[in-house]
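Sequence lines set the chain letters: A, B, ... in the order given, protein chains first and strands last, and positions in each chain run from 1. Just so you know, these numbers use all the heavy atoms, side chains as well, and skip hydrogens, waters and symmetry mates.
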Amino acid sequence: MEIQRPRGTRDFLFKEMKERKNVESTIRQIFEIYGYNEIKTPIFEELSLFTTKSGEGIKDQIYHFQDKGGRDLALRPELTAPVARMYIKEFQKTPKPVKMYYFGSCFRYERPQKGRWRQFWQFGCELIGGKSPGSEAEIITMAAHCLEDLGLQNFEIHIGNLGILRNILNDTNISEDLQDQIMGIIDKGDVKELKTFLKDIDMDNDSKELLQKLIEMKGDSSIIKNVESIINCNKHACNALFELEELIKSLTAFGFSNYVVNLGIARGLDYYTGTVFEIYVPGLGAQKQICGGGTYNLIELFGGENVESTGFAFGFDRVMDALNKQKKSIEIEKSVKVFVAPIKSDMKLKAFEIAQKLRKKGIPTDVDVVGKKLKKILSYADSMGINYVVLVGARDIEKGKVTVKNMINGEQEIIDLENIADSIKSKLMN
RNA sequence: GCCGGGGUGGGGUAGGUGGUUAUCCUACGGGACUGUGGAUCCCGCGACUCGGGUUCGAAUCUCGGCCCCGGCCCCA
């Protein structure tokens with residue numbers, strides 16, 4: 001019986017793996033340019049780390065188990081909680097802000113569909129202990145920088161601030177439960193549903209109207225002025241709006257302007273405190289969101305000091321989907337460029353010798369180790385995209401020479417064995 | 001968790017009113033050729049997703065599982 005791959009998981013073959021590595025290293029480079037350092041946390045954690053953050057209900061959506069010592073453990077479904085946990089133990093007494101990034105796989109027990117897997121990768125960062133419009137602006141700019149360098153087209157960065165909605169809702173004296181429900185509807189962006197929902201709720205009409213207007217507030221920075229005039233009755237909401245204004249000034253200074261102000265972003269989670277942002281790529285269906293982030297207070301929830309953290313995470317697999325959809329192919333380099341082939345089997349050992357000489361000089365080289373015939377070797381080299389084949393034959397070797405065949409145009413050249421590495425290196429340069 | 005469409009050699013297809021499945025390309029193995037041979041030609045290899053049911057007989061009909069694709073719910 002054939003053993004299958006677990007549901008919702010993937011094998012990555014050579015080509016795909018190279019593309020993923022390319023994208024990974026691009027993002028990594030940008031993060032480091034902005035002063036972030038990489039960290040890595042375990043694949044599994046105590047189950048309570050995640051239930052504390054997201055509630056007992058989360059158990060339905062994660063892989064959890066007991067180990068042989070009876071500990072309740074879980075495969076991590078995300079990375080912000082592990083990072084917060086690590087911060088409390090390792091970084092509380094480190095000069096602030098602490099800037100870190102991570103890349104790793106996470107696991108969720110959900111029904112797989114397009115852009116959603118049971119094992120998936122997140123590439124994210126945190127700036128801990130330095131909440132300010134400036135750090136938020138820097139982080140958003142960095143996210144955009146990554147996507148630009150990857151050559152992604154048409155991505156939309158939506159920026160909002162939860163403080164505005166939260167404060168308006170707080171002033172209406174409705175229950176927290178109701179507030180959460182309303183936030184959920186607003187996050188969906190469903191104007192009609194919001195209208196119907198508000199109808200049956202005991203709330204003053206001014207606030208109802210305000211909420212309905214805000215959900216549709218979307219556009220460039222000029223809409224802030226409009227919002228200001230709408231909410232002038234609410235002091236706390238105005239403070240949040242001021243934060244947003246400051247953020248936009250900083251973004252301008254960082255030279256980033258390609259954003260959408262969107263006050264309908266709600267990211268229903270309690271621990272988000274102010275600025276939130278999401279990045280969408282049109283054409284990816286229901287999974288169009290490739291990145292989410294904002295400022296939140298998670299550290300205190302886990303028993304640390306009251307320190308706020310700003311961060312975001314790319315859904316790495318969705319970034320790959322978006323790139324693949326837009327580009328015909330992501331540039332990848334063939335790793336092996338030279339193949340050493342004995343013309344007859346009597347030259348087999350000589351071929352090993354020559355191949356190793358090239359490898360020691362840093363030239364990516366393959367050699368026939370299985371005893372294939374020349375015809376097969378050439379065909380194999382051709383299919384592998386090899387640039388040059390070194391033909392090792394007794395006649396040439398007697399004179400201290402080998403034949404180098406250019407696989408693209410078929411031209412051949414007899415060169416000295418003595419300085420073969422240099423000759424091939426200079427050929428590869430051209 | 002819910003709804004719909006699927007699963008045929010390693011990859012790509014046809015067949016579907018039950019009766020030895022088949023085909024082309026490709027991949028793989030072997031051969032002709034053996035110091036210019038990446039070509040060509042020949043030979044070979046290899047599959048009906050799994051399990052139960054109906055039947056003399058199931059790739060085909062039926063039920064269930066697994067997996068894939070799309071959508072809903074959800075998305076920390």
Side-chain angles (χ1 to χ4, degrees), chain A residues 1-11 13 45 47 49-62 74-84 106-118 120 122 124 180 184 187-188 266-272 276 278 284-294 296 298 301-302 311-313 315 318 339 341-347 370-399 401-414:
Chain A
M1 191 185 69
E2 192 181 351
I3 296 173
Q4 288 178 323
R5 208 173 31 199
R7 185 165 160 85
T9 63
R10 290 158 291 171
D11 295 314
L13 276 49
E45 296 271 0
L47 176 60
L49 177 65
F50 304 110
T51 51
T52 302
K53 181 185 174 206
S54 312
E56 289 291 312
I58 199 68
K59 283 190 193 166
D60 293 342
Q61 292 162 65
I62 65 184
L75 296 181
R76 60 188 185 196
E78 44 110 3
L79 284 161
T80 51
V83 167
C106 301
F107 305 81
R108 291 185 193 177
Y109 192 86
E110 291 182 299
R111 197 187 181 293
Q113 58 186 71
K114 192 183 180 69
R116 176 182 286 181
W117 305 93
R118 286 185 169 181
F120 60 98
Q122 284 196 339
D180 285 350
D187 194 35
K188 269 198 250 173
R267 291 190 80 80
L269 312 162
D270 293 341
Y271 49 83
Y272 278 96
V276 285
E278 297 183 340
L284 290 184
Q287 319 299 334
K288 65 176 183 175
Q289 189 187 328
I290 61 166
C291 178
Y296 44 86
L298 197 52
L301 185 64
F302 293 140
F312 70 84
R318 290 183 187 174
F339 203 105
I343 290 173
K344 283 190 182 173
S345 59
D346 58 346
M347 286 292 113
V370 297
K372 277 188 204 278
K373 294 187 176 161
L374 183 57
K375 172 188 161 72
K376 294 280 181 189
I377 294 174
L378 289 171
S379 161
Y380 177 78
D382 189 36
S383 70
M384 297 298 283
I386 300 281
N387 303 37
Y388 294 97
V389 171
V390 176
L391 295 162
V392 184
R395 285 180 211 163
D396 289 341
I397 290 293
E398 269 174 28
K399 295 177 236 155
K401 309 225 179 229
V402 287
T403 300
V404 176
K405 185 182 183 83
N406 179 329
M407 291 302 279
I408 292 146
N409 57 23
E411 281 172 18
Q412 299 191 164
E413 191 182 339
I414 296 175

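Within 4.0 Å (heavy atoms only), A:I62 reaches at least one base atom of the nucleic acid. The residue A:K344 sits close only to the backbone: its heavy atoms come under 4.0 Å of sugar-phosphate atoms, none of a base. Residue A:A381 is classed as having no contact, given no heavy-atom separation below 4.0 Å to the nucleic acid.
Remark: A:K373 is in phosphate contact with B:rG31, judged by side-chain N or O atoms under 4.0 Å from OP1 or OP2. Side-chain N/O atoms of A:R108 include none lying less than 4.0 angstrom from OP1 or OP2 on B:rA76.
Side chain of A:R318 to backbone of A:Q289: a donor-acceptor contact under 3.5 angstrom is found. Remark: the backbone N or O of A:T9 is not paired with any side-chain donor or acceptor of A:R118 at under 3.5 angstrom. Remark: the backbone N or O of A:F107 is not paired with any side-chain donor or acceptor of A:R76 at under 3.5 angstrom.
Across the protein-nucleic acid pair, A:R118 atom CZ and B:rC67 atom P stand 7 Å apart, rounded to whole Å. Rounded to whole Å, atom P of B:rC75 lies 18 Å from atom CZ of A:F50.
Between A:Q412 and A:K372, the residue anchored closer to the 5' end of RNA chain B is A:K372, taking for each the nucleotide with the nearest heavy atom.
Distance noted for atom P between B:rU17 and B:rA59: 13 Å (whole Å). The same atom, C1', is picked in B:rU8 and in B:rG4; the two are 22 Å apart, to the nearest Å.
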Return a table of donor-acceptor pairs under 3.5 angstrom between the side chains of residues 402-413 of chain A and protein atoms on other chains or two or more places apart.
from   : atom 1 : to     : atom 2 : distance (Å)
A:T403 : OG1    : A:D396 : OD2    : 2.7
A:K405 : NZ     : A:Q412 : OE1    : 3.1
A:N406 : OD1    : A:I408 : N      : 2.8
A:N406 : OD1    : A:N409 : N      : 3.3
A:N406 : ND2    : A:N409 : OD1    : 3.4
A:N409 : OD1    : A:E411 : N      : 2.9
A:E413 : OE1    : A:K427 : NZ     : 2.5

Can you pull every protein N or O that's under 3.5 Å from an N or O on nucleotides 1-11 of chain B?
from  : atom 1 : to     : atom 2 : distance (Å)
B:rC2 : N4     : A:R111 : NE     : 2.8

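With respect to the salt-bridge test (charged N to carboxylate O, under 4.0 angstrom), the residues A:K59 and A:E56 qualify.
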*What is the per-nucleotide protein-contact pattern of nucleotides 39-48 of chain B, from the 5' end, where B denotes a base atom under 4.0 Å from a protein heavy atom, S denotes such proximity for sugar-phosphate atoms only, and - denotes neither?*
BB--------

